[in-house]
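Remarks on the structure that follows.
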Amino acid sequence: MVRFILSKFFYMIVSLFILISVTFVLMKAIPGNPFMSEKAVPPSIQQHLMAKYGLDKPLYEQYLKYLGNLARGDFGISMKMKDQGVSDLIWGSFGPSLRLGIIAIVVSIVVGIGLGMLAALYHRKLIDNVAMILAVIGMSVPSFVLASLLQFYLAQKAGIFKVMGLNGPLDYVLPVMALSAQPIAFIARLARSSMLEVLHSEYIKTAKAKGLAWPIIMWRHVIRNGIMPVVTYVGPMTANIITGSVVIEQIFGIGGLGKIFVSSISNRDYTLIMGVTIFYGIILMVARLLTDIAYAFIDPRIKLSKGKEG
Amino acid sequence: MKKKSMLALLTLLLIAGTVLAACGSVKKTASSGKSGEVAPAAEQVFRINFSSEPPTLDPGIAQDNAAITVLHAMYEGLTNVDSSGKSIPGVAETWDISQDGKTYTFHLRKDAKWSNGDPVTANDFVFAWDRALKPDLASPYAYQLYYVKNAQAYNEGKITDASQVGVKAVDDYTLEVQLENATPYFLNLTSFVTYFPVHKSVKDNEKWAADPSTMIVNGPFKLTNWTKGASLELVPNENYWDKKDIKLTKIQISIVNSGATELASYRSGQLDFAGKPVGEIPADQIDAVKKELPSELSIKGVATTYYYLFNVTAKPFDNVKIRRALTMAIDRQKLVSQVTKGGELPAFGFVPPGIIGEKQEFRTEHKDTDLLSENVDQAKQLLAEGLKEEGLTAFPKVTLTYNTGENHKKIAQAITDMWKTNLGIDVTLENQEWGVFLENRRNLNYQIARAGWGADYNDPMSFLDIFTSTSGNNDTGFKNAEYDSLVKQAYASNDAKTRMDAMNKAEQILIKDNNVIMPIYYYSNTALIKPYVKGVIIDYAGNIFFDRAYIEK
Amino acid sequence: MEQVDEKNVVEHLKPENFQKIGVDEKQAEIIQRESLSAWRDSWERLKSNKFAMTGLTVLILIVIMAIIGPMISPHNYYSNDLYNTNQPPSADHWFGTDDLGRDMFVRTWMGARISLLVGVAAALIDLFIGVIYGGIMGYFGGRVDAIMNKFSEVLYSIPYLLVTILLLVVLEPSLWTIILAIGITGWINMSWIVRGEIMQLKTREYVLASRSMGAGSARLLFRHLIPNAMGPIIVTLTLTVPNAIFSEAFLSFLGLGVQAPIASWGSMINDALTGWMYYPWRMLFPAFFISLTMLAFNIFGDGLRDALDPKLKK
């Protein structure tokens with residue numbers, strides 16, 4: 001187990017290094033610089049700015065310097081949000097995104113698996129149809145449409161919730177609903193589909209024939225096997241929810257990481273782009289790692305120590 | 001089967017339980033949160049939304065609207081500007097101007113104090129200006145100080161001796177400023193953020209402007225809280241010399257980049273102000289707002305022009321007749337009344353209304369309709385002639401480039417449709433990401449491009465000097481010796497009539513003779529203000545001031 | 001079978017432990033159903049599924065409308081009528097008009113063309129790259145899996161916006177560029193799902209059986225493993241289509257989508273988003289057709305899953 005995690009960790013570092021290098025090159029390949037505006041900055045001031053942030057150096061030198069700073073844990077200073085450290089900016093805006101994300105993930109998993117199980121157990125029955133119609137609706141309505149509908153009816157008209165901000169616990173309800181609708185629907189469908197498969201499989205029939213108690217069959221076989229594809233999806237979903245709530249954050253006026261990321265790109269705020277990319281990359285890789293570990297726990301046939309050779 | 005349904009029931013209960021538990025815990029704390037809220041009337045709280053966050057609150061380097069708005073509440077320059085654009089005393093009580101208009105002597109008020117109690121002295125201004133000009137601060141707005149003698153050379157590193165820069169403290173309360181040229185609008189500039197004083201304590205702290213506790217200010221308000229990406233909060237500065245005129249006890253600024261959310265928030269009573277210049281009312285809701293909240297809607301013209309640029313260095317727009325044809329073939333009135341709808345005015349010139357001329361507004365003295373008129377038949381003829389001159393049988397493939405924005409997109413679509421209807425030509429649209437767009441425009445890598453220009457100070461020069469052949473903002477490739485010399489003439493003169501005549505002629509060369517740009521409209525500032533909020537000022541250039549606002553319920 | 005545990009069976013049943021005695025391709029064919037009839041079989045089952053057939057019919061209708069819709073209206077998708085903006089549906093404008101007075105009916109079906117194209121293209125990329133890549137990762141495992149997995153992980157972590165902006169700068173901004181931008185990372189999710197499924201399936205008895213009969217890796221993967229993973233693949237695919245459509249909408253939201261005056265369903269919804277409470281038809285029609293398309297895709301996908309599922313064969 002330790003060896004497994006260590007080797008995964010080593011791979012993570014290598015992946016991060018590649019990610020950093022690729023992003024660095026991509027970022028610099030895009031036209032523009034952090035100091036552009038409608039009103040042009042005189043050339044001499046442009047030079048001062050470039051010199052101040054080391055952008056006048058050759059690309060490889062900038063790259064090496066960045067790596068060097070990074071190795072010391074220094075993410076640098078934002079080029080647009082002057083005098084603010086990149087790590088401060090990331091941590092500051094990550095809070096709301098993280099809280100929102102975790103709630104949305106928990107809600108998605110619990111409600112999604114629950115709905116999926118119900119639908120699978122009552123295959124082709126009313127509950128199945130209702131659950132799947134809900135799932136299809138959840139999946140068919142774009143999240144930003146859902147968000148603005150919720151905002152209009154529940155906040156602006158009914159006044160139950162605040163239109164914007166994330167100051168009280170009640171303020172989480174609408175964004176979480178908007179964020180989790182699609183994952184709920186997807187998880188429900190995925191869970192239903194794979195559980196149906198399991199329910200129809202020979203070993204369940206065997207188990208039933210053996211006279212095994214239904215809850216035991218359910219737990220040992222149906223849920224554990226049926227949940228596999230869901231687990232696969234939870235990794236990317238986690239990253240998606242935590243990182244990809246840009247539009248929802250914008251609609252509900254939440255200053256999250258997504259917002260900072262999009263604006264860092266349009267501002268060509270190089271240090272911030274790198275910082276957020278690395279941060280996202282780590283979240284994503286950790287989520288994938290946890291997925292792999294979870295796999296091993298749920299499905300004992302998959303060995304952690306070594307993948308099976310064909 | 002029975003067991004199966006039991007399990008189903010269990011699952012259902014689990015889901016319901018989670019949801020209920022979530023709701024339950026939410027409700028409990030929500031009620032306690034609500035008790036903290038107080039009605040705005042008693043507390044004199046002003047709540048406004050910004051669509052973008054100030055990147056910095058350092059007056060030496062700030063250059064965007066959001067930062068400038070907050071800094072106006074936190075600092076005070078030598079002069080202030082009233083709503084009509086006239087300069088009124090600020091930290092300077094009086095001033096003398098020399099005969100040649102090149103030396104300004106400011107007499108500072110003795111009761112002006114920093115928020116920590118220190119007196120505001122002439123040295124604070126010298127320190128601030130010197131700081132903004134130092135090459136190593138790399139202030140992008142340092143050029144706002146270039147009017148001061150030797151400021152540009154010092155900023156460019158050509159001279160390193162700070163004492164050669166034309167600003168000095170004669171004594172603690174007298175500031176003497178030498179200028180490069182007579183600059184009739186200099187008093188206007190001294191109310192601008194780059195000219196604000198800065199407390200000397202910032203010298204040793206690079207990150208002072210990001211942290212409310214290290215920001216020592218001299219204006220009516222001070223920052224108490226800045227939650228990055230979410231909100232700012234200001235309270236009155238106890239040491240401000242004119243604190244008796246400050247009624248608000250708190251200014252709450254939220255940062256939300258969505259016009260729809262901002263408006264919804266305003267409607268639900270979470271904001272006291274919505275819309276420009278710092279926020280936005282979605283164009284699609286302006287009709288509804290006009291109908292539903294007519295008494296709260298404020299529409300005011302501001303000195304900014306929306307226009308299209310032609311790349312005059314490349315075919316087919318190196319031909320003036322083709323440029324003129326396109327310029328003449330659109331219906332600006334229809335565009336502003338049916339598309340933008342925000343009370344904008346059709347533009348036929350570059351200098352917008354609100355800019356002061358010789359005696360009255362420049363636009364009143366020199367009508368823009370003399371520069372340009374709309375005429376479809378004439379446009380058709382001009383286009384045919386132009387194409388012939390270019391040796392073309394048909395209108396070539398042309399692209400109109402604009403940067404991302406709902407409004408820009410709508411306008412571009414409406415205008416290309418007018419060209420198609422009126423001239424029978426197809427112009428392709430290309431939307432580009434902001435940075436890419438600017439880069440392409442600057443490198444003349446376009447055919448027709450969107451542009452907008454607002455006043456930095458109240459003088460036509462703020463507009464006309466961008467199309468000189470050496471200007472870094474001339475993104476058209478237009479080079480005209482006569483135009484350059486007219487702008488130079490206006491720069492050098494201290495006589496209002498000479499200046500205005502020269503600039504009028506320059507504008508004629510730019511638009512009437514050469515059609516380098518296609519003016520579309522003069523901006524307006526559309527905002528919603530709650531009826532109980534008084535004293536919010538929006539000036540000629542569309543800057544908002546709420547430092548002297550108050551709540552009356 | 002003897003009392004050996006599963007692991008030992010796997011080890012014993014490695015191909016090199018067996019002698020090939022006259023097992024050739026032809027004979028391998030015999031151990032599974034004839035493939036043409038298998039497809040016909042599935043088709044028969046699909047036909048008998050009313051839900052699925054309804055879904056298919058709706059999809060076909062939408063495609064037909066996307067093709068002929070713009071032709072049966074007297075209006076076109078770009079002409080403005082600035083004095084008739086934001087008009088509700090009427091006899092002249094069946095779906096109303098938008099903020100520039102353009103006919104929403106024509107625009108909706110022009111939008112359908114773009115959105116469907118983007119969705120289908122993304123699904124194809126998913127199917128070809130995602131499934132094969134994931135299949136190989138899951139099947140071979142070990143080093144191959146580790147390297148391929150890392151590669152997809154890095155690719156997935158690269159900020160999508162950077163790639164898109166760069167693509168749009170480097171290539172001409174066009175629909176194909178957008179499809180490329182969506183496709184370039186879109187398949188990764190699918191590959192992970194397939195990988196997970198295959199990892200699980202490859203230990204199943206029938207795989208062992210097939211392998212022991214001398215089936216090669218490619219044959220195992222494409223004839224046995226992937227068809228058995230069809231359930232999750234189709235479910236994921238039915239999500240890829242809306243995701244791609246929404247991705248395009250998100251790109252429009254950031255100004256990187258299709259160029260005006262051409263619109264997609266996503267960009268139409270975006271345009272309508274700020275004023276939908278006053279002009280609901282501007283959001284309703286594109287949103288309704290996105291949802292209808294998704295619904296149709298979903299129930300058809302479900303039917304397809306059931307029809308293709310080898311385990312349901314009698």
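Hydrogens, waters and symmetry mates play no part in the numbers below; they use all other heavy atoms, side chains included. Proteins come first, then strands; the chains are lettered A, B, ... in the order of their sequence lines, and each starts at number 1. Since the model is a prediction, treat every value here as computed from it, not as a measurement.
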Exercise. Pick one of side chain, backbone, both or neither for A:L196, based on which atoms fall under 4.5 Å of a heavy atom in chain C.
Key: side chain
Practice problem: Among C:N149, C:I290, C:L220, C:V144, single out the residue with the greatest number of heavy-atom pairs under 4.5 Å to chain A. | Solution: C:N149
Quiz item: Considering residues, nucleotides and ligands other than C:F51, do more than 12 of their heavy atoms fall under 6.0 Å from its CZ?
Solution: no
Self-check item: Part of A:V276 within contact of chain C (heavy atom distance under 4.5 Å)
Solution: neither
Quiz item: Do you know which two heavy atoms are closest between A:M285 and C:E153, and how far apart they sit?
Solution: CG-OE1, 3.4 Å
Practice problem: Evaluate whether atom CZ of C:F151 has more than 12 neighbouring non-hydrogen atoms of other residues, nucleotides or ligands under 6.0 angstrom away. | Solution: no
Exercise. Measure the CE-CD distance between C:M277 and A:Q151 for me, rounded to the nearest 0.5 Å.
Key: 7.5 Å
Quiz item: So which part of A:S194 gets closer than 4.5 Å to some heavy atom of chain C, the side chain, the backbone, both or neither?
Solution: neither
Practice problem: Would you please classify the geometry between the A:Y153 ring and the C:W276 ring as parallel, tilted or perpendicular, with 30° and 60° separating the classes? | Solution: tilted
Practice problem: Could you tell me which portion of C:A272 (side chain, backbone, both or neither) has an atom closer than 4.5 angstrom to a non-hydrogen atom of chain A? | Solution: neither
Self-check item: CG-OG distance between C:L155 and A:S15, expressed to the nearest 0.5 angstrom
Solution: 12.0 Å
Quiz item: Side chain, backbone, both or neither: which part of A:L19 has a non-hydrogen atom closer than 4.5 Å to chain C?
Solution: both
Practice problem: Taking atom NZ of A:K28 as the centre, report whether more than 12 heavy atoms of other residues, nucleotides or ligands fall under 6.0 Å from it. | Solution: yes
Quiz item: Which atoms of A:L149 come close to chain C, meaning under 4.5 Å heavy atom to heavy atom: side chain ones, backbone ones, both, or neither?
Solution: both
